[in-house]
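Per chain, numbering begins at 1; letters A, B, ... match sequence-line order.
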2 protein chains.
Amino acid sequence: MSPRKSVAEARRTRDRILEHGIAIASVDGLDGLTIGRLATDLGMSKAGVLGHFGTKEALQLAALDGAAAIFSRTVWAPAEHRPPGLARLRAVCEAWITYLETDRDTFPGGCLFTTAAVEFDARSGPVRDAVGRLLRVWRRRLAAEVRTAVAEGELPAGTDAEQLVYELGGLYLALNQELQLFGAPGAAERTRRGLDRLLGPGAPADPALTSRAS
Amino acid sequence: MSPRKSVAEARRTRDRILEHGIAIASVDGLDGLTIGRLATDLGMSKAGVLGHFGTKEALQLAALDGAAAIFSRTVWAPAEHRPPGLARLRAVCEAWITYLETDRDTFPGGCLFTTAAVEFDARSGPVRDAVGRLLRVWRRRLAAEVRTAVAEGELPAGTDAEQLVYELGGLYLALNQELQLFGAPGAAERTRRGLDRLLGPGAPADPALTSRAS
DNA sequence: CCTACCGATCGGTAGG
DNA sequence: CCTACCGATCGGTAGG
């Protein structure tokens, strides 16, 4: 009957802290994620919360990691069984819309990476570095899929993969803003129309997206 | 020889506070804009700083207003003498790039509206409302310019102005992220290529941007 | 996992 | 515009 919990119980507690921490950070940012609030909300002591992470910065990094796992599970995993190239790319893009639109419980304040990226983009340190690293990984994956699509002839030869990924990112930043700030129900459809311009039947003939070899 | 300053002096002090406050908020957000830090940086007392605004929220709103004035002066004003329609729209877009790229002194952490929008988009209250109001005003102005361009035959008939403005916004969110997070020097050129796709010679034939009257 | 505590900082007020 | 102060909260530690 000691207050000391088993390893498995401790792990579950840690998961609970992280899950709620991600929700808080989604709304108030990784700075707004305070140990005191977390403790109050979960009916724990501050020391009990902090003991699982050591420092606030470690907690922030853990929240980021947890959110990355959710993103991978929600956006990447469902598309993995699709054939590489345009089909998989389109599946990822559609799942990405779903991710931003529906995960209101896990991310009540919208995508945590968008929040964290803007919050830390002008600072330095481990959190900023972690955000940058994650964004780079996803860009690389998207760009690889674009290149496969080009090789398969599903996108026009000469397509600038980085340029396309850059514009895809802009489309999703716009979607997140539209959903969070204006709660606009038409935002998903606007995003799909933007995607059609980038990936759809209209795109292949578009010279601005191909490399400037002139 | 009283410590009481004249009205003009008080105004100048207020401007100094606001100028530095905008710089701080650009990096650390409108929540990170604390009265104590402002006072220390400016060699004043906290009460002296707060006296100009009353509450922190009023200070945040004043910083937002000040940033809006800078945005208008930098992005809109230089384009005002251009003929309405596509020419003015293009001038605004180019000035917008300059605004994000060069104003490192006034906005060391990037565009304050992008920061504030993401910071407050999941909350409620006067600050969030002010951010939303400003974004709506700029969108309306951009959309009006698009419609003029359509009426002049500079953009294809049937162009969905809101859709175009939505995608323009995404392009600039991407630019801000690219500059702040990765300091990418090629970001401006990527943005211009995106603009070419939306506004340039390649755009008129693009069916995805016109209304779906099917 | 807890209680009890630390110094620092927060926004804000009183009074001049 | 200042000094002096308020209660609340911050991240974090000691000790169990």
Side-chain angles (χ1 to χ4, degrees), chain A residues 1-22 24-25 27-64 116 119-120 123 125-128, chain B residues 1-22 24-25 27-64 116 119-120 123 125-128:
Chain A
M1 291 298 161
S2 96
R4 194 134 254 136
K5 305 288 180 61
S6 74
V7 175
E9 279 177 303
R11 233 219 104 88
R12 282 189 47 220
T13 304
R14 203 190 113 108
D15 287 349
R16 265 184 68 229
I17 296 170
L18 229 40
E19 187 186 335
H20 190 62
I22 288 170
I24 291 177
V27 174
D28 291 321
L30 285 171
D31 269 342
L33 173 59
T34 70
I35 297 151
R37 175 162 173 210
L38 219 31
T40 305
D41 289 0
L42 296 172
M44 296 174 62
S45 66
K46 291 202 307 177
V49 170
L50 200 56
H52 284 276
F53 306 95
T55 65
K56 173 163 182 174
E57 191 174 85
L59 168 65
Q60 291 174 321
L61 291 169
L64 229 34
E119 192 179 4
F120 285 87
R123 313 186 198 179
V127 177
R128 179 217 156 97
Chain B
M1 289 302 161
S2 97
R4 195 133 255 136
K5 304 288 179 63
S6 73
V7 175
E9 279 175 305
R11 235 218 102 89
R12 282 188 47 220
T13 303
R14 203 189 112 107
D15 287 349
R16 264 183 68 228
I17 297 170
L18 229 41
E19 188 186 335
H20 190 62
I22 288 169
I24 291 176
V27 174
D28 292 320
L30 285 171
D31 270 342
L33 173 59
T34 70
I35 296 151
R37 175 162 173 211
L38 218 32
T40 305
D41 288 0
L42 297 172
M44 294 173 62
S45 67
K46 291 202 308 177
V49 169
L50 199 57
H52 285 277
F53 305 95
T55 66
K56 171 163 183 175
E57 190 173 86
L59 167 66
Q60 292 174 321
L61 291 169
L64 228 36
E119 192 179 6
F120 284 85
R123 311 184 198 181
V127 177
R128 180 218 157 97

If I take atom [atom1] from residue [X] and atom [atom2] from residue [Y], how far apart are they, to the nearest 0.5 angstrom?
X: Ile35(A); Y: Thr40(A); atom1: CD1; atom2: OG1; value: 11.5 Å
X: Arg128(A); Y: Glu119(A); atom1: CZ; atom2: CD; value: 13.0 Å
X: Phe53(A); Y: Leu38(A); atom1: CZ; atom2: CG; value: 7.5 Å
X: Leu59(A); Y: Leu18(A); atom1: CG; atom2: CG; value: 7.0 Å
X: Leu42(B); Y: Arg37(B); atom1: CG; atom2: CZ; value: 10.0 Å

Using only heavy-atom distances, decide whether a donor-acceptor pair under 3.5 angstrom links the side-chain of Lys56(A) to the base of dG12(D).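 Answer is no: no donor-acceptor pair is held.
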Interatomic distance, [X] [atom1] vs [N] [atom2] [rounded to whole Å]:
X: Leu50(B); N: dC10(C); atom1: CG; atom2: P; result: 13 Å
X: Arg37(B); N: dG11(C); atom1: CZ; atom2: C1'; result: 17 Å
X: Lys46(A); N: dC1(C); atom1: NZ; atom2: C1'; result: 16 Å
X: Gln60(B); N: dG11(C); atom1: CD; atom2: P; result: 9 Å
X: Phe53(B); N: dT13(C); atom1: CZ; atom2: P; result: 16 Å
X: Leu30(B); N: dG11(C); atom1: CG; atom2: P; result: 12 Å
X: Leu38(B); N: dC10(C); atom1: CG; atom2: P; result: 11 Å
X: Asp31(A); N: dT9(C); atom1: CG; atom2: P; result: 16 Å

Ignoring backbone atoms, establish whether Thr13(B) has a side-chain N or O less than 4.0 Å from OP1 or OP2 of dC1(D). yes
What does the inter-axis angle of the helix from dC1(C)-dG16(D) to dG16(C)-dC1(D) come out as, five pairs per end, nearest 10 degrees?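 So the angle between the two local helix axes works out to 0°.
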Over all atoms of both residues, closest heavy-atom pair of Asp41(B) and His20(B): OD2-NE2, 2.8 Å
[X], nearest nucleotide to its side chain (from [options]):
X: Thr55(B); options: dG12(C), dT3(C), dC2(D); answer: dG12(C)
X: Ser45(B); options: dG12(C), dT3(D), dG12(D); answer: dT3(D)
X: Thr34(B); options: dC2(C), dG11(C), dT3(D); answer: dG11(C)
X: Ile35(B); options: dC1(D), dC1(C), dG11(C); answer: dG11(C)

Does Asp28(B) form a side-chain contact (heavy atoms from CB on, under 4.5 Å) with Arg123(A)? I'd like the steps, not just the answer. CA-CA 8 Å; Asp28(B) 292 320; Arg123(A) 313 186 198 179; 3.6 Å; yes
